[in-house]
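Here the structure comes first, spelled out in structure tokens, and everything after it is commentary.
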Amino acid sequence: MISAEQAVRAKALAQLAADGELAGLVHGVFDGVPPRASAPYVSVGAAEGNDWGTKDRAGREVRVTLTLAGVGSSLEDRAAGRIAVIVPAMRGPADGWSIVSARMIRTRFAFVRDGGWRHEVILRCRCLAA
């Protein structure tokens with residue numbers, strides 16, 4: 001069985017990449033920061049986990065950083081809104097784990113050089129061993 005962190009990252013990549021509406025808004029969904037991609041794009045970053053479970057089942061709380069990189073005006077950022085819709089759909093089976101809750105717990109927006117911006121979302125998934 002793979003770790004909960006690996007399972008959550010894999011499910012996040014799959015869910016984001018499979019969403020047709022998001023695909024129409026960004027150039028791609030990447031595992032980590034792509035070396036050469038033009039914005040807008042989504043990257044699934046680091047995952048960190050903590051012990052979390054029930055009396056009778058082992059579990060992990062996993063936090064994953066999702067980053068939406070863009071350029072130009074950020075006022076009509078429909079891609080960030082779409083990510084907010086996709087996150088709750090992460091619940092369910094994931095490579096030997098069961099994701100019992102998935103929610104955005106923190107967001108951060110910042111402008112970067114050359115007219116770009118980054119919208120970071122911290123996703124928290126609570127997982128139980130299947």
Side-chain donor/acceptor pairs under 3.5 Å, residues 98-111, sequence neighbours excluded:
residue : atom : partner : partner atom : Å
Arg108  : NE   : Glu120  : OE1          : 3.2
Arg108  : NH2  : Glu120  : OE1          : 3.1

* To do: Give the C-alpha distance, both sets of side-chain angles, the deciding distance and a yes or no for side chain to side chain contact (heavy atoms under 4.5 Å, CB included) between Leu16 and Ile86.
  => CA-CA 7 Å; Leu16 292 166; Ile86 296 167; 4.0 Å; yes
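- Evaluation of the side chain to side chain contact (heavy atoms under 4.5 Å, CB included) rule for Pro88 yields Arg91 as partners, not counting sequence neighbours.
- Nearest heavy-atom pair, Leu66 versus Ala12, reported as atom, atom and distance to 0.1 Å: CD2-CB, 4.4 Å.
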* To do: Give the C-alpha distance, both sets of side-chain angles, the deciding distance and a yes or no for side chain to side chain contact (heavy atoms under 4.5 Å, CB included) between Met90 and Leu123.
  => CA-CA 10 Å; Met90 295 247 332; Leu123 163 65; 4.0 Å; yes
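- Atom CZ in Arg57 sits 9.0 Å away from atom CH2 in Trp52 (nearest 0.5 Å).
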Would you list the atom pairs, donor with acceptor, under 3.5 Å between side chains in residues 28-51 and any protein atom, with sequence neighbours excluded?
residue : atom : partner : partner atom : Å
Asp31   : OD1  : Arg9    : NH1          : 3.0
Asp31   : OD1  : Arg9    : NH2          : 2.6
Ser38   : OG   : His27   : ND1          : 3.3

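- The distance from the CH2 atom of Trp97 to the CD1 atom of Ile2 is 9.5 Å, given to the nearest 0.5 Å.
- The salt bridge (Lys or Arg N to Asp or Glu O under 4.0 Å) test applied to Glu5 returns Arg60, not counting sequence neighbours.
- Within 6.0 Å of CZ on Arg118 lie no more than 12 heavy atoms contributed by other residues, nucleotides or ligands.
- If you chain together ILVMFWY residues whose side-chain heavy atoms come under 4.5 Å of each other, Val112 ends up in a group of its own.
- The side-chain hydrogen bond (donor to acceptor under 3.5 Å, both in side chains) pairs that include a residue from residues 11-23 are Asp19-Arg82, where partners are two or more places apart or lie in different chains.
- Distance check: Asp56 CG to Leu128 CG gives 8.5 Å after rounding to the nearest 0.5 Å.
- Looking at Trp117, its side chain never comes within 3.5 Å of a backbone N or O of Ala69 through a donor-acceptor pair.
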